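So that the names make sense, note that chain A is the first sequence line, chain B the second, and so on, each numbered from 1. The figures here come from the full heavy-atom set of this structure, side chains too, leaving out hydrogens, waters and symmetry mates. Model, not experiment: these values are computed from the prediction.
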2 protein chains.
Amino acid sequence: MTKKERFLAVSLKLINEKGFKATTIRDIASSLNCEVANIYNYIDSKQSLLETYLFGISNEFHSAVDTIIDSNISSEKKLRLIIRTHIDLMVKKPYELALLVNEWRNLKEPKLGTFVAERNTYEDKVKTVIKQGMEQGVFKVLDLEIATFTFLSTLRWLHDKNSEHPVQMNPIEIERQISTFVFSGISKK
Amino acid sequence: MTKKERFLAVSLKLINEKGFKATTIRDIASSLNCEVANIYNYIDSKQSLLETYLFGISNEFHSAVDTIIDSNISSEKKLRLIIRTHIDLMVKKPYELALLVNEWRNLKEPKLGTFVAERNTYEDKVKTVIKQGMEQGVFKVLDLEIATFTFLSTLRWLHDKNSEHPVQMNPIEIERQISTFVFSGISKK
DNA sequence: TATTTACGTGAACGTTTGTTCATGTAAATA
DNA sequence: TATTTACATGAACAAACGTTCACGTAAATA
C-alpha cells in the first residue's frame with residue numbers, strides 16, 4: 001500500500017465518521033501522523049478529494065447497471081441483478097457508498113450539477129427496467145416514479161444499517177431477503 | 001407570523017438548501033434582511049437551533065406511532081397507519097423531515113446520543129408491529145431487522161423525492177401506491 | 001410618566017479553516 | 001556523480017466562522 005493509498009483510505013474513513021465539512025485537513029494529517037502541508041503532496045484541494053471518491057463510486061454503479069441493462073435477460077432478472085450489485089458494493093465499498101448518500105451535497109458547481117445529472121441518469125436506467133417489466137406484464141402497473149424510487153430507497157437501507165452495525169448475513173442471504181420483499185411484499189399470501 | 005416564526009422558517013429553508021454546516025448565521029441574517037447580531041435575540045446558539053428542529057419533529061413521529069401502537073387494530077392496519085403518518089408529515093413538514101434524514105449527524109454530545117437513542121426507540125416500535133404481524137401469521141416470516149429497515153427505507157423515499165420535485169399526487173393516492181408495494185411487492189401475481 | 005421589554009445596529013473578538021511558502025532530506029533516475 | 005522525484009517540515013496567510021459587546025430605538029407595560 002503506497003503512502004497515497006493509505007492517505008486515501010484514512011481520509012475516507014474520517015470523512016465517514018465526522019462528515020466532509022467537519023473533517024479538517026488537520027484531522028487527516030493528525031490521523032496520518034504527518035504534517036498538514038504534506039497532504040497537498042497527494043491532492044490539489046479538499047474539494048477534489050470529495051470529487052474523486054464520489055465520481056469513482058458513481059462510475060462503478062453506472063458501469064454495473066449498463067452491463068445489466070444490455071444483457072439479454074428478463075426484467076425480473078435484471079432487477080434482481082441490480083439488487084445484487086448494490087449489496088456487493090455495500091460489502092466491498094461501504095465507505096464510498098455512504099459518501100454517495102450523505103456527502104454529495106458538499107460538491108460545488110459545476111461538479112455538483114454533473115453529479116446530480118449522473119445520479120438522475122442512473123435512476124432513469126432503473127426506471128427503464130421497471131417500465132419494461134410493467135409493459136411485459138411481469139410487474140404490477142404502479143406509478144412509475146413511485147415504484148422506482150420506492151425500490152431504490154429499499155436498497156438504500158443497505159448502506160444505512162450497514163454503517164451503524166454491519167450486517168452479519170452473507171450477501172446471498174441478504175439478497176434473498178430483499179428480493180422477497182421487493183417482489184412479493186410483506187403480506188403472507 | 002411573529003418575527004421569531006419568520007426567522008425559524010427562513011433558517012429551516014436555508015439549512016435544507018445548503019446543509020447545516022454550510023449555512024452561516026450571516027446567510028440567515030442576509031435572507032432576513034437584518035443584522036447578524038440580531039439573530040441572537042431569537043436563539044442561544046446555532047447548535048440549539050438544530051436541536052429545536054430535530055427533537056421537535058422526532059417527537060411528532062413518536063407521539064403518532066405511540067397512538068397507533070396502543071390502538072386496538074390489526075398489525076396490517078397499524079403498518080398502514082404508520083405509512084400514512086409518514087406521508088402526512090412529508091406533506092405538512094417537508095423541511096423538518098429532511099433535517100431528520102440529513103442533518104442529525106451535526107448534533108453534538110450529549111444531544112447526539114439522546115437523538116440516536118430516540119431514533120432507535122422509534123425503529124423498535126415499528127419493529128414490534130412487524131414482529132406481531134409475523135407471529136400472527138399475517139406477515140411473511142422474514143429476517144426482522146431486514147424487514148423493518150427495508151420498510152422504513154421505503155418510507156424515506158418520501159422525503160428524498162419530495163424535496164427535489166414535489167410529488168403532485170394527493171396523499172391518499174401515494175398511500176395506496178406505497179401500501180401496494182410494501183404489502184404485495186412489485187411482481188404481478 | 002417611568003420603566004421594562006422586544007428588536008435593531010455595527011464593530012470587534014478569538015478561533016478555525018484551507019492553502020501556500022521556502023526549505024529540507026533521502027531515494028530513484030540519468 | 002549529478003539531477004530529478006517523492007516526501008517532509010513548520011511557519012504563515014487571508015478568509016470565514018460563531019459569538020459578544022455597548023449602544024440605540026420604539027412600543028408595551030406599570
Side-chain angles (χ1 to χ4, degrees), chain A residues 1-56 95 99 102-112 115, chain B residues 1-56 95 99 102-112 115:
Chain A
M1 185 189 271
T2 74
K3 298 249 174 183
K4 177 162 183 177
E5 282 171 342
R6 195 170 105 83
F7 156 75
L8 284 173
V10 167
S11 301
L12 184 57
K13 189 148 181 268
L14 268 182
I15 292 174
N16 243 278
E17 286 165 2
K18 312 180 56 167
F20 177 71
K21 273 223 149 58
T23 304
T24 69
I25 301 292
R26 285 164 178 84
D27 288 335
I28 298 174
S30 171
S31 284
L32 235 41
N33 280 323
C34 77
E35 294 304 310
V36 175
N38 213 334
I39 304 292
Y40 289 87
N41 288 328
Y42 307 128
I43 51 164
D44 293 334
S45 68
K46 196 189 169 191
Q47 280 296 320
S48 75
L49 183 60
L50 183 64
E51 293 161 8
T52 302
Y53 291 133
L54 287 180
F55 287 99
Y95 292 128
L99 287 200
N102 294 317
E103 306 294 349
W104 62 269
R105 282 165 211 269
N106 291 306
L107 287 173
K108 291 181 180 168
E109 296 294 357
K111 298 283 183 177
L112 177 59
F115 177 84
Chain B
M1 187 190 271
T2 72
K3 299 248 175 182
K4 177 162 183 178
E5 282 171 343
R6 194 170 106 84
F7 156 74
L8 285 174
V10 167
S11 302
L12 184 58
K13 186 147 183 268
L14 268 182
I15 292 174
N16 242 278
E17 286 164 2
K18 313 180 57 168
F20 177 72
K21 273 222 151 54
T23 304
T24 69
I25 300 292
R26 286 167 176 82
D27 287 336
I28 298 174
S30 169
S31 284
L32 235 40
N33 281 321
C34 76
E35 294 303 310
V36 175
N38 213 334
I39 304 293
Y40 289 87
N41 289 328
Y42 307 128
I43 50 163
D44 293 335
S45 68
K46 195 188 170 189
Q47 280 297 318
S48 75
L49 182 61
L50 183 63
E51 294 161 8
T52 303
Y53 291 132
L54 287 180
F55 286 99
Y95 292 129
L99 286 200
N102 294 318
E103 305 294 348
W104 61 270
R105 283 166 211 267
N106 291 306
L107 287 173
K108 291 182 180 168
E109 296 294 357
K111 299 282 184 179
L112 177 60
F115 177 86

Report summary line: What one should report as the nearest heavy-atom pair of L112(B) and W104(B) is CD1-O, 3.6 Å
Grab the N/O contacts between the protein and nucleotides 12-15 of chain D below 3.5 Å, and write none if there aren't any.
none

Report task. Extract, from 5' to 3' on DNA chain C, the first and final nucleotides lying under 4.0 angstrom from some heavy atom of chain B. Result -> dC7(C) to dA12(C)
**Report entry** Pairwise 5' ranking along DNA chain C for K4(B) and I25(A), keeping only the more 5' one
**Finding:** K4(B)
Requested in this report: Start with the C-alpha distance between Y42(B) and K3(B), add both sets of side-chain angles, then the distance that settles side chain to side chain contact (heavy atoms under 4.5 Å, CB included), and finish with yes or no.
Outcome: CA-CA 9 Å; Y42(B) 307 128; K3(B) 299 248 175 182; 3.6 Å; yes
Query raised in the report: In chain order, what residues pass the side-chain hydrogen bond (donor to acceptor under 3.5 Å, both in side chains) check against E103(B), with sequence neighbours excluded?
Result: N106(B)
Requested in this report: With a 3.5 angstrom cut-off on both distances, give the Watson-Crick or G-U wobble partner of dT3(C), or none if there isn't one.
Outcome: dA28(D)
Report task. Sequence neighbours left out, what pairs pass side chain to side chain donor-acceptor pair (under 3.5 Å) with at least one residue falling in residues 7-22 of chain A? Result -> K18(A)-D27(A)
Report task. Give the minimum heavy-atom separation between I15(B) and T23(B), together with the two atoms involved. Result -> CA-OG1, 3.4 Å
Report task. Starting from the C-alpha separation in whole Å, work towards a yes-or-no answer on side chain to side chain contact (heavy atoms under 4.5 Å, CB included) for Q47(B) and F20(B). Result -> CA-CA 9 Å; Q47(B) 280 297 318; F20(B) 177 72; 3.7 Å; yes
Requested in this report: Measure across I39(B) and C34(B) and return the closest heavy-atom pair with its distance rounded to 0.1 Å.
Outcome: CD1-SG, 4.2 Å
Query raised in the report: Tell me, which of residues 38-51 of chain B have any heavy atom that sits under 4.0 Å from an atom in DNA chain D?
Result: Y40(B), S45(B), K46(B)
**Report entry** Y53(A) (side chain) donor-acceptor with L8(A) (main chain) under 3.5 angstrom
**Finding:** yes
Query raised in the report: Given atom NZ of K18(B) and atom C1' of dA16(D), what is their separation to the nearest angstrom?
Result: 12 Å
Requested in this report: Just jot down the side chain to side chain contact (heavy atoms under 4.5 Å, CB included) partners of S48(A), sequence neighbours excluded, or say none.
Outcome: I43(A), D44(A), S45(A), E51(A)
Requested in this report: Answer yes or no: are there more than 12 heavy-atom neighbours, outside Y95(A) itself, under 6.0 Å from its atom OH?
Outcome: no
